[in-house]
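A quick write-up on the structure given underneath.
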2 protein chains.
Amino acid sequence: MFSQSCKYAIRAMFLVAQRSSEGRFVGIKEVAEGLDAPQHFIAKILQDLSKRGFITSAKGPKGGFLIDVNQRNTTLYDLVLAIDGNKLITSCCLGLKDCSEKNPCPVHNDFKPIRKKIHSMLDNTKVCDYNDELAQSVFYLKDAGIGPITN
Amino acid sequence: MFSQSCKYAIRAMFLVAQRSSEGRFVGIKEVAEGLDAPQHFIAKILQDLSKRGFITSAKGPKGGFLIDVNQRNTTLYDLVLAIDGNKLITSCCLGLKDCSEKNPCPVHNDFKPIRKKIHSMLDNTKVCDYNDELAQSVFYLKDAGIGPITN
DNA sequence: AAAATAGAAGATATAAAGGTCTTTTATTAT
DNA sequence: ATAATAAAAGACCTTTATATCTTCTATTTT
Ligand code: FES
Ligand code: FES
């Protein structure tokens, strides 16, 4: 569905949105650990998001990443569009070069409403929408560790 | 959404289902041309589908591929499952190792019904369901050629 | 000013997906 | 039988995605 970079980007944005909501910068190491993801790969992705203006960065001690007031309006679709492009929403599911009513593949009519739903869902979700749920562990951004063996 | 192999496989199955419905074998070259896809790549995919029993093959002159009466019940989900696995339907959209109610990511609840819809759609579509529409060019399996320039 | 911290940048490595090519084997028609 | 046909098989190549590593630069604290 999404590329690995895009999945990490979305999770990282959720995490930074939540942890930076009080104004502090969140270090890259903290992000990587919070997602259980490779640090350098996350760094690259966050730097890209920073260039695109979705996130604010600061170097040096006390530096890191932060999502400011304006950036809180970023939607998941903004992120997906920037990283993976619009192909998920606009390209033919079966790979025809042109997805349209003029040249529909056999599944075109079936997938159209599904893609619309995906699109509206992504478009209606902002990166700060789950700050509370994340704080309260209603939702997670990494897999729960291997718990006690439950025999 | 689907891997390139999977997209080709679905389109190839639709094409062979339609063109072999009168009992003749459809050559690999004809399939590749009918899909506007690389012949050797299609060959590899069809051979794999043949091994898995989704399609019947015959060597030599008048040989090719055919979908027999039993194979007409193959659904798109059968194909997707064989080629791409079940990750589209069962894995976390944001890449968590375990997608479940116990450890849900922030989009889990939103994506759950969407994935269910995709699954049921694929499960309810058989490879021979569009034989007529394909014959009548209601649906297409390759892009229409560059038509006359319409100034 | 010096040292420590932490992101920026880009080269490099690895793996997976996508695609091509050649040789072999089986079948049919002559 | 022989020649022609067409799939089977597998080696090989290319591209893209994913991940890692090293060096550089900016900032803060002491
Ligand atoms: S033409 Fe295939 S999804 Fe629209
Ligand atoms: S946990 Fe992410 S989709 Fe289920």
Side-chain angles (χ1 to χ4, degrees), chain A residues 1-12 15-16 19-20 24-67 80 82-85 87-88 94-95 97, chain B residues 1-12 15-16 19-20 24-67 80 82-85 87-88 94-95 97:
Chain A
M1 190 93 95
F2 307 122
S3 70
Q4 191 59 41
S5 297
C6 194
K7 293 178 196 170
Y8 282 147
I10 292 172
R11 282 158 63 193
L15 185 140
V16 176
R19 299 205 188 177
S20 71
R24 82 176 168 96
F25 283 82
V26 186
I28 206 161
K29 202 181 283 186
E30 184 182 346
V31 177
E33 275 168 15
L35 304 183
D36 195 20
Q39 180 180 333
H40 294 293
F41 194 18
I42 295 295
K44 199 181 262 185
I45 291 165
L46 289 182
Q47 282 155 26
D48 180 57
L49 292 174
S50 162
K51 267 187 220 149
R52 294 176 190 272
F54 292 128
I55 200 168
T56 303
S57 72
K59 283 185 177 183
K62 296 280 165 186
F65 298 87
L66 172 141
I67 284 164
V80 171
I83 295 169
D84 284 350
K87 63 184 186 311
L88 175 66
L94 297 187
K97 283 164 203 126
Chain B
M1 191 93 95
F2 307 122
S3 70
Q4 191 59 42
S5 296
C6 193
K7 294 178 195 170
Y8 282 146
I10 292 172
R11 283 158 63 193
L15 185 140
V16 175
R19 299 206 189 176
S20 71
R24 83 177 168 96
F25 283 83
V26 185
I28 208 163
K29 203 181 282 185
E30 183 181 346
V31 177
E33 277 168 14
L35 304 183
D36 195 19
Q39 180 180 334
H40 292 292
F41 194 19
I42 294 295
K44 200 184 261 186
I45 292 165
L46 288 183
Q47 280 156 28
D48 178 57
L49 292 174
S50 162
K51 266 187 223 148
R52 294 176 190 274
F54 292 128
I55 200 168
T56 303
S57 73
K59 285 184 176 184
K62 296 280 167 186
F65 297 87
L66 172 141
I67 284 164
V80 171
I83 295 169
D84 285 349
K87 62 185 187 308
L88 174 66
L94 297 187
K97 283 164 206 124

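Being a predicted model, the structure only gives us computed values, none of them experimental. Numbered from 1 within each chain, the chains take letters A, B, ... in sequence-line order.
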- Message: Using a strict heavy-atom distance below 4.0 Å, which residues from residues 32-42 of chain A are in contact with DNA chain D?
- Response: A:Pro38, A:His40, A:Phe41

- State, with a plain yes or no, whether a side-chain heavy atom of A:Phe2 is found less than 4.5 Å away from one of A:Leu88. yes

- Note on the structure: In 5'-to-3' order, the base (B), backbone-only (S) or no-contact (-) status of each nucleotide in nucleotides 12-17 of chain C, using a 4.0 angstrom heavy-atom cut-off, is ------

- Task: Measure the shortest side-chain to side-chain distance between B:Ile67 and B:Thr56 over non-hydrogen atoms and say whether it is less than 4.5 angstrom.
- Result: no

- Message: In whole Å, I'd like the distance from the CD1 atom of A:Ile45 to the C1' atom of D:dT20.
- Response: 13 Å

- Query: Does A:Lys62 or A:Tyr8 map to a spot on DNA chain D nearer the 5' end, using the closest nucleotide for each?
  - Reply: A:Tyr8

- Query: Which residues satisfy the side-chain contact (heavy atoms from CB on, under 4.5 Å) test with B:Gln39, sequence neighbours excluded?
  - Reply: B:Ile28, B:Lys29, B:Ala32

- Message: For a 4.5 angstrom cut-off between non-hydrogen side-chain atoms, does B:Ile83 reach B:Leu49?
- Response: yes

- Query: Among pairs that include at least one residue of residues 45-54 of chain B, which meet side chain to side chain donor-acceptor pair (under 3.5 Å), considering only residues two or more places apart or in two chains?
  - Reply: B:Asp48-B:Arg52

- Task: Calculate the interatomic distance between B:Phe65 atom CZ and C:dA26 atom C1'; express it in whole Å.
- Result: 13 Å

- Message: Rounding to an integer number of Å, can you tell me how far A:Phe25 CZ sits from C:dT5 C1'?
- Response: 15 Å

- Message: If the condition is ring-ring contact (aromatic ring centres under 6.0 Å, His included), which residues does A:Phe65 pass it with, not counting sequence neighbours?
- Response: none

- Query: Does the side chain of A:Lys62 reach to within under 4.5 Å of the side chain of A:Arg24, using non-hydrogen atoms?
  - Reply: no

- Task: Figure out the CD1/P separation between B:Ile28 and D:dA9, and round it to whole Å.
- Result: 12 Å

- Task: For DNA chain C, determine which residues of residues 49-58 of chain A have any heavy atom closer than 4.0 angstrom to one of its atoms, and list them numerically.
- Result: A:Lys51, A:Ser57, A:Ala58

- Query: A:Ile83 has an atom CD1; how far is it from atom C1' of D:dA17, in whole Å?
  - Reply: 14 Å

- Query: Do the side chains of B:Val16 and B:Ile55 get nearer than 4.5 Å, heavy atoms only?
  - Reply: yes

- Item | Between C1' of C:dA26 and NZ of B:Lys59, the distance in whole Å | 4 Å

- Query: A:Cys6 or A:Gly60: which one's nearest nucleotide on DNA chain D is closer to the 5' end?
  - Reply: A:Cys6

- Spell out, as yes or no, whether a donor-acceptor pair under 3.5 Å connects the side chain of A:Ser20 to the backbone of A:Phe25. no

- Message: Output the rounded distance in Å from CD (A:Gln47) to C1' (D:dT23).
- Response: 13 Å

- Check: B:Arg19 side chain, B:Val26 main-chain N or O, donor-acceptor pair, under 3.5 Å: no

- Interatomic distance, A:Lys7 NZ vs D:dA17 P [rounded to whole Å]: 14 Å

- Task: May I ask you to test the B:Lys97-A:Asp36 pair for a side-chain heavy-atom distance under 4.5 Å?
- Result: yes

